[in-house]
Amino acid sequence: MRFSKLLIPTLKEAPKDAVLPSHIFLVRGGFIHQVASGIYDFLPLGKRVLDKIRTIVKEELDSVGCQEVQLGFVTPAELWKKSGRYEKYGAELLRFSDRKGNEFVLGPTHEEMMVELAGRFVSSYKQLPINLYQINLKFRDEARPRFGLMRGREFIMKDGYSFHTDRDDMVREFELMEKTYRRIFTRMGLDFRVVEADSGAIGGEGSKEFMVLAESGEDTIVICQKCDYSANIEAAKRAEPENVPEAPEARLMKFYTPEVTTIEELESFFHVDPFYLVKSVAKRALYDGGRSEIVLFFLRGNEELQETKAANSIGANELLDVSEEELEAAGIVPGFMGPVEIKRDISTQESDDTPYVIQKAGMNAKMVFDESLKNASNMICGANVKDYHIVGVDLSVLKDLDFEDLVQVKKEDRCIKCGGKLDYTKGIEVGHIFQLGTRYSQPLGARFLDKDGKSKPFVMGTYGIGVSRLLAAVIEQHHDERGCIWPSGIAPFEVVVVIGNIKDENQVSAGEKIYEILKKRGVDVVIDDRPERFGFKMKDFELIGFTYAVVVGKKLSDGKVEIVKRADLGRIEADVDEAAQKVADMLL
RNA sequence: CGGGGUGUAGCGCAGCCUGGUUAGCGCACCUGGUUUGGGACCAGGGGGUCGAAGGUUCGAAUCCUUUCACCCCGACCA
């Protein structure tokens, strides 16, 4: 290809709304162009990279027996209603009607469509297992698109779905996909982690995310400094703490705590470690069908609530903040919320010395306790009475408490696998694999006949890769202050032949010759034959990030050209006649 | 959805507060010339519904109202 004929609108200045390096360089390098919020055009260079990424994904998947299909981007709303996701998916689902008034959605993901397809054509266990995927456009009407290709509304995703006779076979495929994904991302030169993940709205039993490590990542990942444990913060678990602070021994009683409402205030009021305080977090939980209720989540005072875990613990779709008025209406005292009520044990003699007992607080709200509160004693908690707390609370005396994992793992917590110290890092989610089970096949009635002649729903797995997001993720990891540094497998061109001075006929003919040889050898090469000055062309080379540049310039008078490696800008000299051979070898 | 900001040439911006001829600058673009190892220089040139609608006024990019779009922080996010 000739640079002079290619549409590569490089820019000296970045668009003002670009923040991330990937966004800035993809726009400045003439790869993409924004047409609306979260919607981008791919220009020739961007399209070339996209296709190369696509090819890698396809090659690896096909090599392990997956089959590519392509489903309609516009999908009938009816299927979404059947699976129950029409309502659940919310505003992100773009809905519209055709001229006849039939309802459709733009596919944000294609479980329904693919299950429908498998259900229609796969009827026997003899056809199983089967893994179908597509690399196709998706649309999600994101509340807030940002960061260029990182979080667009329209994007390219590879979504795959596997169908099995039983769980074991599905798990086998799940593990195969993990291996295959590892190969795919390794081929793209990415530094990534496979982490335990929350299954989110898609549902299912187990899931793992593939996270490209990058400061700009939108996800927080918990990683162990000692072993290979890593998890999304939404799913991270930790071991119980090693050292427990000294307990504030106290008799069970009510304590006057005027205006003391926060954990910090309680800490200094009682001079007690927050480990022994009960933190109460009130949320309004939204469920399917618009039902909602107030839920109180209880944790130790030194912990934070992990909202995704909290929502999962009660099967809620979403948690909202609650106003003080709402709390009061439910019989809850803001600032003094607690799980228990205290009263005199009137079974014994009534006097000032009569011992107290506790019982579950009576209020119009669901209660969930974090596991770390199981059998917790010497606790201090709100009394559900204004200006009072209860000290010396032993939760083990209460029956039928609902304990769940609710806490957000902190830095320095101990690893659940090896006890090592945990730390945070940031990641870009580029892949997510799920063990789905019969979550979709069951309600959509996608069944097959098993060996025993019985009709059963498919056991499924689902596997996604953010293909267009990968362009951004690669650049986040591979750039310098001058521009993109594409790994050779996905660079828009592997080599650019730069002619230093287009008016120098010797340079032109030498450059053309090198270009022709490389082309014949099957190297992805472009020749920069533009009537621009040397510096201008080099800046473009660095901005766009071709893997190598062969510079045909001043040194040609000595019969030499230069080969510049984009990654480190290191350059070596080569004889004109050997240059093509040399750079081709370097690419291997 | 809450809070904040910005819309003037392809890109980046000035002008607006304090209304007044043909709306300006840099980059990019076109023509000619000079240049050719790190985003050149000279001369000439093209390109604008000043986001949109309505209003105030003799007169609006500028003031008022409404609206749309885009961006940032947050909420949300298979």
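Chain letters run A, B, ... following the sequence lines, proteins first and then strands; every chain starts at 1.
Taking side-chain N and O atoms only, A:K554 has a distance below 4.0 Å to OP1 or OP2 of B:G37. Here A:S37 reaches the OP1 or OP2 of B:C71: one of its side-chain N or O atoms lies under 4.0 Å away.
Contact annotation for A:A91: no contact, since no heavy-atom pair falls under 4.0 Å across all strands. Backbone-only engagement by A:Q34 is indicated by non-hydrogen atom pairs under 4.0 Å involving sugar-phosphate atoms exclusively. A:K555 comes within 4.0 angstrom of a nucleotide base, judged by non-hydrogen atoms across all strands.
Of all the residues in residues 537-553 of chain A, A:M538, A:K539, A:D540, A:E542, A:L543, A:G553 reach under 4.0 Å from RNA chain B with at least one non-hydrogen atom.
A:F541 does not carry A:R482 over the face of its six-membered ring by the limits of under 6.0 Å from the centre and within 45° of the normal. Geometrically, A:R533 does not engage A:F536 in a cation-pi contact, judged by NZ or CZ lying under 6.0 Å from the ring centre and within 45° of the ring axis.
For A:F546 and A:W486, the ring centers sit 6.0 Å or farther from each other. You'll find the ring centres of A:F210 and A:F185 inside the 6.0 Å limit.
Between A:R2 and A:E512, at least one side-chain nitrogen of the basic residue sits less than 4.0 Å from a carboxylate oxygen of the acidic one, meeting the salt-bridge criterion.
Across all strands shown, B:G74 forms a Watson-Crick or G-U wobble pair, both distances under 3.5 Å, with B:C1.
Between the side chain of A:R144 and the base of B:G2, no donor-acceptor pair of N or O atoms lies under 3.5 Å. Side-chain atoms of A:E13 come within donor-acceptor range of the base of B:G26, with a qualifying N/O pair under 3.5 Å. Residue A:R571 places a side-chain atom within donor-acceptor reach of the base of B:G38, judged by atom type and a 3.5 Å distance cut-off alone. Residue-to-nucleotide contacts include a donor-acceptor pair under 3.5 Å from the side chain of A:E562 to the base of B:G37. One cannot find a donor-acceptor pair under 3.5 Å joining the base of B:C71 and the side-chain atoms of A:R146.
In terms of position on RNA chain B, the residue among A:L11 and A:A143 whose nearest nucleotide sits closer to the 5' end is A:L11.
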*asked:* One character per nucleotide, please: for nucleotides 43-53 of chain B, 5' to 3', B when the base has a protein heavy atom closer than 4.0 Å, S when only the sugar-phosphate does, - otherwise.
replied: -----------
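The aromatic ring of A:F536 does not sit over the base of B:G39; the criterion of centres under 5.5 Å apart with planes under 30° is not met.
If you take atom P in B:A69 and the same atom in B:A53, they sit 16 Å apart, rounded to whole Å. A distance of about 14 Å separates the C1' atoms of B:A60 and B:U8, rounded to the whole Å. On the P atoms, B:G10 is 16 Å away from B:A28, given to the nearest whole Å. Taking atom P on both nucleotides, B:C11 is separated from B:C70 by 15 Å, rounded to a whole Å.
Checked options A:H432, A:E178, A:E196, A:E175; the residue passing with A:K208 is A:E178 (criterion: side chain to side chain donor-acceptor pair (under 3.5 Å)). Screening A:K58, A:R54, A:K158 for a salt bridge (Lys or Arg N to Asp or Glu O under 4.0 Å) with A:E68, the sole residue that qualifies is A:K58.
A:Q134 places a side-chain N or O within donor-acceptor distance of the main-chain N or O of A:L71, the cut-off being under 3.5 Å.
Rounded to whole Å, the distance from NE2 on A:H23 to P on B:C70 is 13 Å.
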